[in-house]
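Quick notes on the structure that follows.
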Amino acid sequence: MDEKYFAQKIERKWQQRWNETGAFKVSKEDSKQKFYCLEMLPYPSGRLHMGHVRNYSIGDAISWYKRLKGFNVIHPIGWDSFGQPAEQAAIKQGVNPRDWTEDNIDQMRKQLQALGIGYDWSREVAAHRPDYYKFDQWFFLKMLEMGLAYRKDSEVNWCPKCETTLSNEQASGGACWRCGFQVEKSTRPQWFLKITEYAEQLLSDMDEIEEGWPENVLTMQRNWIGRSDGARVRFAVGGSDSSIEVFTTRIDTIYGANAIVVAPNHPIVFEFEDGLSEDIKAKIEEIRAEQALPVDYGVEVEKSGVDTGKTAINPFSGEELPIWVGNYVLMSYGTGAVMSVPAHDSRDHEFAVRYGLPIKAVVKPENDDAELPFSEYGVLVDSGDFSGLASKDAKERMASLAESEGFGAASTTFRLRDWGISRQRFWGAPIPIVYCQTCGEIGVPFEDLPVELPESAPFTGVGESPLAKVPEFYETNCPRCGEAARRETDTMDTFVDSCWYYFRYLDPKNENAPFSVDEAAYWMPVDLYIGGIDHAVMHLLYTRFWTKVMRDIGLVEFHEPVTRLLTQGMVVGESFYSKERECYVTADEVEISRAASGKIEKATLRETGGPVRLAVEKMGKSKLNGVDPDDMIAKYGSDAVRLFVMFAAPVENELVWQESGIEGAVRFLQRVWRFVFKWRDAVADSSADSSVEESAASRKLRQKTHQTIRKISESFENGQFNTPVASLMELSNAMHDFGVEPESATDSELFAVKESIKSLLLLMAPYAPHTSEELWAEVTGTDGILASGARYPEFDPEIAKDDEIEIPVQVNGKLRSRIYAAPGTDNSELERLALADEKIGEYTEGKEIRVIVVPNRLVNIVVKG
RNA sequence: GCCGGAGUGGCGAAAUUGGUAUACGCACCAGACUCAAAAUCUGGCGGGCUUUGCGCCCAUGACGGUUCGAGUCCGUCCUCCGGCACCA
C-alpha cells in the first residue's frame with residue numbers, strides 16, 4: 001500500500017468492501033443486546049447539505065461505537081419523499097414528480113455512500129412508494145374505525161388569484177407567497193386526527209422521557225399542549241332561555257367581572273344577530289373579517305369590540321353584565337367566551353379602559369395595594385361569602401359551589417388542537433375515503449389498499465388539487481352499495497408519513513401489516529434519535545401521538561417511541577457583504593487583515609478595497625456562504641470532513657464552517673497515518689507481550705493509551721462527541737513524542753506502540769472509519785476492523801493509574817505550591833508533605849492554621865490572622 | 001409579554017459536576033529544514049506588574065452572597081439566542 005495518505009482512494013475502497021460484505025446489515029438476534037440509532041430521514045431535494053452531513057456523522061459515530069461495544073446496532077435510512085418541492089418541479093419544469101423524486105433519491109444515496117455512513121441499505125424506505133403509503137392509509141382507516149379520524153368544516157388559507165390553498169407558511173403576512181395577493185380564509189371540509197384525545201397522555205408520559213430528552217424540547221411540547229386548569233361557568237342570558245358558558249382559570253375573580261366578552265363567531269351572536277342594530281351588526285362583521293385574516297406575528301392588535309346591548313347574569317353575584325363581542329376572544333380556544341375582569345387581567349383591563357367600563361378590584365395582595373391590573377394570587381375582597389379567602393382556596397370552593405348549584409364545574413382546557421391532515425395536493429398519500437350519495441363517507445376496504453396515485457395529473461399550480469382533475473382517479477364505485485361514487489381527492493399531510501417510518505425500517509417488505517409486532521418488540525424503542533431542533537414540536541409530537549395509537553391498536557406495548565433525543569445545532573457559514581457593491585461576495589474576493597494577535601482588523605474587497613461586513617449566517621445560495629459536501633469530500637476526504645464536524649462544536653451548538661478547521665482534521669489524520677507506517681514493520685515482526693519489563697517511555701505511553709480509552713468511553717456514555725476527538729489528538733501527540741525509534745525499540749516498547757496504535761485506530765473508527773479500517777488492516781494483517789470482528793478496547797485501571805499525581809497546595813484558597821504523591825496517599829501524609837513545602841512554610845510560619853485535604857485532589861491551608 | 005437556554009483567550013471550545021481555569025484544535029508570532037516555497041518539525045501564545053524568582057496581582061457578562069475553596073451553587077441585574085404569542 002501507498003505510504004502517502006490519499007483519502008479518496010482508501011475511502012472508495014472501504015465503501016466498496018462494506019457494500020460487498022453487507023457490513024452494516026443486521027437482523028434480530030435475541031441473544032444480543034440491540035441498539036437503535038436513528039437519524040431524521042431527509043427530504044430528497046437532490047443535494048445533501050452540511051446539516052445532513054452533521055446529522056449522519058453523529059449517528060454513524062455512535063453506531064460505530066455501539067457496534068464495537070458488541071451491540072446489535074440497527075442504523076437505517078429512508079426518504080421523506082412526499083411534499084411540495086416535487087410538485088413545484090412538476091409545475092415549473094413539467095417533470096413527473098415521481099421521476100424527479102426517484103432521481104433525487106439516487107443522487108443523494110450516492111452522496112451518503114461517498115460519505116461512508118454505515119447504513120443498512122436493505123431497509124431503505126421511501127414515503128412516496130405505494131408499498132409504504134399503503135400503510136399510511138391503513139393507519140388512517142384504523143383511526144377512522146376507532147373514531148380518531150373525522151371530517152369537519154375548517155378554515156384554510158385561500159388565494160383567490162391562484163385559486164389554491166396555501167399553508168400557513170405560504171400565507172405569512174396575509175399575502176400569497178407566489179403572487180402577493182391578499183389571502184382569504186375559506187371554509188371547506190377537511191379530515192382531522194383526534195390528537196387532543198391524547199393531550200393528557202402526551203403531557204404526563206413526558207415523565208418517562210424526561211431523562212433522555214433535552215429540556216427545551218420538553219418545554220416546547222408542554223407549552224404547545226398547553227394544559228390549563230380552571231373552571232367553566234354558565235351565565236344565563238337576560239330575557240331568554242339561552243346561556244353563555246365561559247372558561248376561566250381565575251374563577252376567584254368572578255365578583256370583579258364587568259362584562260361577558262364573546263368571539264364574533266360565537267353561536268350566541270348568531271342567535272342575537274336578527275335583533276341587533278345595523279351599526280352593531282356592521283361592527284361584528286368587521287371583527288369577523290379581522291379575525292379571518294392570517295395572524296401577523298409580532299404585531300400587537302389593538303383591542304376592540306361592540307356592546308350587543310344584551311345582558312347576562314353573574315350566577316355568583318346575581319349582577320347583570322353587558323354582553324360584548326370582542327376581537328381578542330377566539331372561538332377556537334376554551335368556550336369562545338370569557339368573563340371580563342379588568343382589575344385582574346391585562347387584556348380585559350386594556351379593553352375596559354378603551355371603552356370606559358367599570359373596573360372593580362376583588363383580589364388584594366397580602367399587604368399593600370397593588371397597581372391594576374393585578375393578576376397574581378391574593379386575598380378576596382368584595383366577593384360575597386368568599387371575601388377573606390385566599391385565591392387558591394376560593395378557586396376550589398367556588399368551583400364546587402358552581403358544580404353543586406349546576407351552573408359550572410372545574411375544567412381543564414388544552415391549547416392543542418386536532419391535527420388537520422387534508423392537503424389539496426397531488427404529491428401525498430391519498431386519503432382512502434369514498435363519498436357515496438346514499439351511504440355517505442365510506443372508508444376504502446383494507447383489501448383494496450393502496451389507493452394509488454395516478455401516473456400523472458395536470459400540474460397547473462392553480463385551482464384545486466390536481467387529483468380533482470383526474471376522473472380516472474376520483475370516479476369510482478361505493479365499496480358498500482356499488483353505486484357510482486367519488487373518491488376523496490385530498491392527500492395527507494406529509495407529517496403523517498414521518499410518524500412511523502422508523503417502525504417500517506424494522507420490517508420494510510411486509511405486505512400485510514405496517515411492521516411485524518415481534519420485530520418492533522425487539523428493536524424498539526429507538527435508543528437514540530438525532531435531528532434538528534426545528535422538529536421539536538410538530539414531528540416529535542405527532543410521532544409520540546402515533547405511537548400511543550399504535551399501542552391502542554395492539555402493535556406495540558410501550559408508550560414512548562424514543563428514549564433519547566439529540567437535537568443538533570445548525571451548520572452556518574461565514575458570509576461577506578460588500579457595502580460598495582451592495583451584495584454578498586465570495587471569500588476569495590475578500591482581503592482580511594489581522595492584527596498581530598490574529599484578531600480581524602478589517603475586511604476589504606480585493607479589487608477596490610471597499611469595506612466588507614463579515615457575518616456568520618445560515619448557509620444559503622444568495623449569501624454565497626454555502627458549502628457543498630461533495631466539494632469538501634473531493635478536497636479533503638470524507639473522514640476529515642466527518643472528524644471536523646464532530647470536533648468543531650458540541651452537537652447541540654451551532655457549528656461555524658471554517659475551512660482552516662478542516663485542514664486541522666486532515667493534519668491529524670496524516671499524523672496518525674505517518675506514525676503507523678513508521679512503525680508498521682517493526683511492530684508486525686514483534687511478538688512481545690505485556691509481560692516484559694517496561695521502560696519509562698513504554699510505561700508512559702501505555703498509561704496514556706489506557707487513560708484515553710477510559711476517557712473516550714466516558715465521554716461517549718455522557719453524550720459528548722467533540723471531546724473524544726481532543727483525547728485522540730492527545731494520544732496521537734503522546735505517540736508522536738514517544739522518543740524511541742523503531743530500529744532501536746525494545747520488546748516492551750514495541751508492545752506499547754502496537755497497543756497504542758491498535759487502540760487509537762479502534763477509538764478513532766467512529767470518526768474516521770475509512771482511515772481506521774485501512775490502517776488496522778496494515779497493522780494487523782487482517783481485512784480491517786469490521787471483518788476481523790474487533791471489539792472496542794478495554795482499559796486496565798492499573799495501567800491507567802498515574803504513578804504520581806500533582807497535588808496543588810493552596811493557602812486560603814490561593815494556589816501557592818504543588819506537591820507530588822502517589823495516588824491514594826492518605827490525608828495525613830498529604831498534609832505533612834504540604835506543610836513541609838518550603839514555599840508554604842513562608843505563609844504558615846508561626847500562624848494558627850487549619851488544613852483541608854481532599855484526597856487525590858488538593859490541600860488547602862487556612863491561615864488565620 | 002410568557003416560557004426556555006446561554007454568556008470562559010483573537011476564534012471553535014475544555015474543565016473529573018464545588019477542588020490546579022483556558023485541555024484539544026484553529027489563527028497568529030518566532031525558529032529549524034529548504035536556493036525558495038509548500039509540507040513537516042521545534043518553541044511561544046489570557047492581561048498586567050516584574051527586582052526575570054516560573055514570583056506577584058487581575059481575569060470565566062456585572063454586582064453581591066454561601067463556602068476553607070465558586071466558571072460551577074444562591075440572589076439581583078445586563079446582554080444575546082431560541083420557542084410561543086390576544087390561550088381567558
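The interatomic distance linking Lys678(A) (NZ) with U40(B) (P) rounds to 16 Å, in whole Å. Distance CZ (Arg850(A)) to P (U67(B)): 11 Å, rounded to an integer number of Å. One interatomic measurement links the two molecules: CZ of Arg354(A) to C1' of C86(B), which rounds to 14 Å at whole-angstrom precision. We find that CD1 of Ile225(A) is positioned 18 Å from P of C3(B), with the value rounded to whole Å. Here G5(B) presents its C1' atom at 15 Å from CE of Met570(A), a figure rounded to the nearest Å. Between Gln291(A) atom CD and A88(B) atom P the separation is 16 Å, expressed in whole Å. Summarising the geometry, the separation between CZ on Phe644(A) and P on C11(B) is reported as 16 Å, rounded to the nearest angstrom. Tyr5(A) places its OH atom 14 Å from the P atom of U40(B), with the value rounded to the nearest Å.
Side chain of Leu858(A), nearest nucleotide from A27(B), U40(B), G19(B): G19(B). Here the nucleotide nearest the side chain of Thr219(A), chosen from G4(B), A88(B), U40(B), is G4(B). Among G4(B), U40(B), G19(B), the nucleotide with an atom closest to any side-chain atom of Gln810(A) is G19(B). Side-chain proximity of Met729(A) to C26(B), G25(B), G5(B): nearest is G25(B).
The separation of G47(B) from G9(B), taken at their C1' atoms, amounts to 10 Å, rounded to a whole angstrom. With P as the reference atom, G4(B) and G19(B) are 27 Å apart, rounded to whole Å. With C1' as the reference atom, U20(B) and A70(B) are 14 Å apart, rounded to whole Å. For the P atom pair drawn from C80(B) and C28(B), the interatomic distance equals 31 Å after rounding to whole Å. Using atom P as the reference point in both G71(B) and C78(B), the two lie 23 Å apart (nearest Å). Look at the C1' atom in both U52(B) and U60(B): the space between them is 29 Å, to the nearest Å. Remark: the separation of the C1' atoms in U51(B) and C45(B) is 25 Å, to the nearest Å. For G7(B) and G61(B), the P atoms lie 8 Å apart once the distance is rounded to whole Å.
By the 4.0 Å N-to-carboxylate-O rule, Arg818(A) lies too far from Glu804(A) to be salt-bridged with it. Residues Glu714(A) and Lys711(A) are not paired through a salt bridge, judged by the lack of any N-O separation under 4.0 Å between the basic side chain and the carboxylate.
Counting any heavy atom pair closer than 4.0 Å across all strands shown, Glu730(A) reaches sugar-phosphate atoms only and no base atom. Among the heavy atoms of the strands lying under 4.0 Å from Val862(A) are primed sugar atoms or P, OP1, OP2 only; no base atom is included. Residue Val261(A) is classed as having no contact, given no heavy-atom separation below 4.0 Å to the nucleic acid. Within the 4.0 angstrom heavy-atom criterion, base atoms lie near Leu330(A). Among the heavy atoms of the strands, none lies under 4.0 Å from His344(A). Using a 4.0 Å heavy-atom distance criterion, Gly664(A) is classed as a sugar-phosphate-only contact. Residue-level contact check: Val656(A) touches neither bases nor backbone, having no heavy atom under 4.0 Å from any strand.
You'll find the side chain of Ile251(A) reaches within 4.5 Å of the side chain of Lys395(A), heavy atoms only. Considering only heavy atoms from C-beta on, Gln810(A) stays 4.5 Å or farther from Ile852(A) through its side chain. In this structure the side chain of Leu357(A) never reaches within 4.5 angstrom of the side chain of Pro342(A), judged on heavy atoms.
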Distances for protein N/O vs nucleotides 81-84 of chain B N/O pairs under 3.5 angstrom?
from   : atom 1 : to        : atom 2 : distance (Å)
C84(B) : O2'    : Arg415(A) : NH2    : 2.7

Taking N or O atoms only and anything under 3.5 Å, show me the protein contacts with nucleotides 14-16 of chain B, one pair per line.
from   : atom 1 : to        : atom 2 : distance (Å)
A14(B) : OP1    : Asn722(A) : ND2    : 2.9
A15(B) : OP1    : Gln720(A) : NE2    : 3.1
U16(B) : O2     : Arg857(A) : NH2    : 3.0
U16(B) : N3     : Arg857(A) : NH2    : 3.3

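Here the options are Met50(A), Glu617(A), Lys618(A), the test is side-chain contact (heavy atoms from CB on, under 4.5 Å), and the partner is Met570(A); only Lys618(A) passes.
The 5' end of RNA chain B is approached more closely, in terms of each residue's nearest nucleotide, by Ala665(A) than by the other of Ala665(A) and Met331(A). Along RNA chain B, the nucleotide nearest to Asp345(A) and the one nearest to Gly661(A) differ in position, and the one closer to the 5' end is contacted by Gly661(A).
Summarising the geometry of Val325(A) relative to Pro264(A), their closest heavy-atom pair is CG1-CA, 3.6 Å, with the distance given to 0.1 Å. When every heavy atom of Ile819(A) is checked against every heavy atom of Ala834(A), the shortest pair comes out as CD1-N, 4.0 Å. Of all non-hydrogen atoms in Ser57(A) and Val53(A), the two that sit nearest each other are OG-O, 2.6 Å.
In this structure, G69(B) shows a glycosidic angle more than 90 degrees from zero, which is the anti conformation. Base orientation of U66(B): anti (glycosidic angle beyond 90° from 0).
Of the inter-residue distances, the one linking Asn733(A) atom CG with Lys704(A) atom NZ reads 8.5 Å to the nearest 0.5 angstrom. His349(A) contributes atom NE2, which lies 4.0 Å from atom CD1 of Ile359(A) (distance to the nearest 0.5 angstrom).
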* Any chance you could list the contact pattern along nucleotides 47-60 of chain B? Use B for base contacts, S for sugar-phosphate-only contacts and - for none, protein heavy atoms under 4.0 Å, 5' to 3'. => --------SSSS--
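Taking the six-membered ring where tryptophan is involved, the planes of Trp324(A) and Tyr355(A) are tilted, since the angle between them lies from 30° to 60°. Aromatic ring orientation, Phe351(A) versus Tyr328(A): tilted (interplanar angle from 30° to 60°). Classified by interplanar angle (parallel below 30°, tilted 30° to 60°, perpendicular above 60°), the ring pair His535(A)/His539(A) is perpendicular.
Between Arg671(A) and the phosphate of U40(B), there is no side-chain N or O to OP1/OP2 separation shorter than 4.0 Å. At A88(B), one or more side-chain N or O atoms of Ser228(A) fall inside 4.0 Å of OP1 or OP2 (strictly under the cut-off). Residue Arg222(A) places no side-chain N or O under 4.0 Å from the OP1 or OP2 atom of C2(B). A close approach under 4.0 Å does not occur between any side-chain nitrogen or oxygen of Arg818(A) and OP1 or OP2 of U20(B).
Every residue meeting the salt bridge (Lys or Arg N to Asp or Glu O under 4.0 Å) condition with Asp252(A), not counting sequence neighbours, appears here in chain and number order: Arg250(A). Shown here are the side chain to side chain donor-acceptor pair (under 3.5 Å) partners of Thr196(A), two or more places apart in sequence or in another chain: Asp418(A).
Between Phe316(A) and Phe407(A), a ring centre-to-centre spacing shorter than 6.0 Å is recorded.
Secondary-structure stems of RNA chain B, taken as three or more successive Watson-Crick or G-U wobble pairs (i with j, i+1 with j-1) under a 3.5 Å distance threshold, comprise B:1-7 with B:78-84, B:10-12 with B:24-26, B:28-32 with B:40-44, B:46-49 with B:55-58, B:61-65 with B:73-77.
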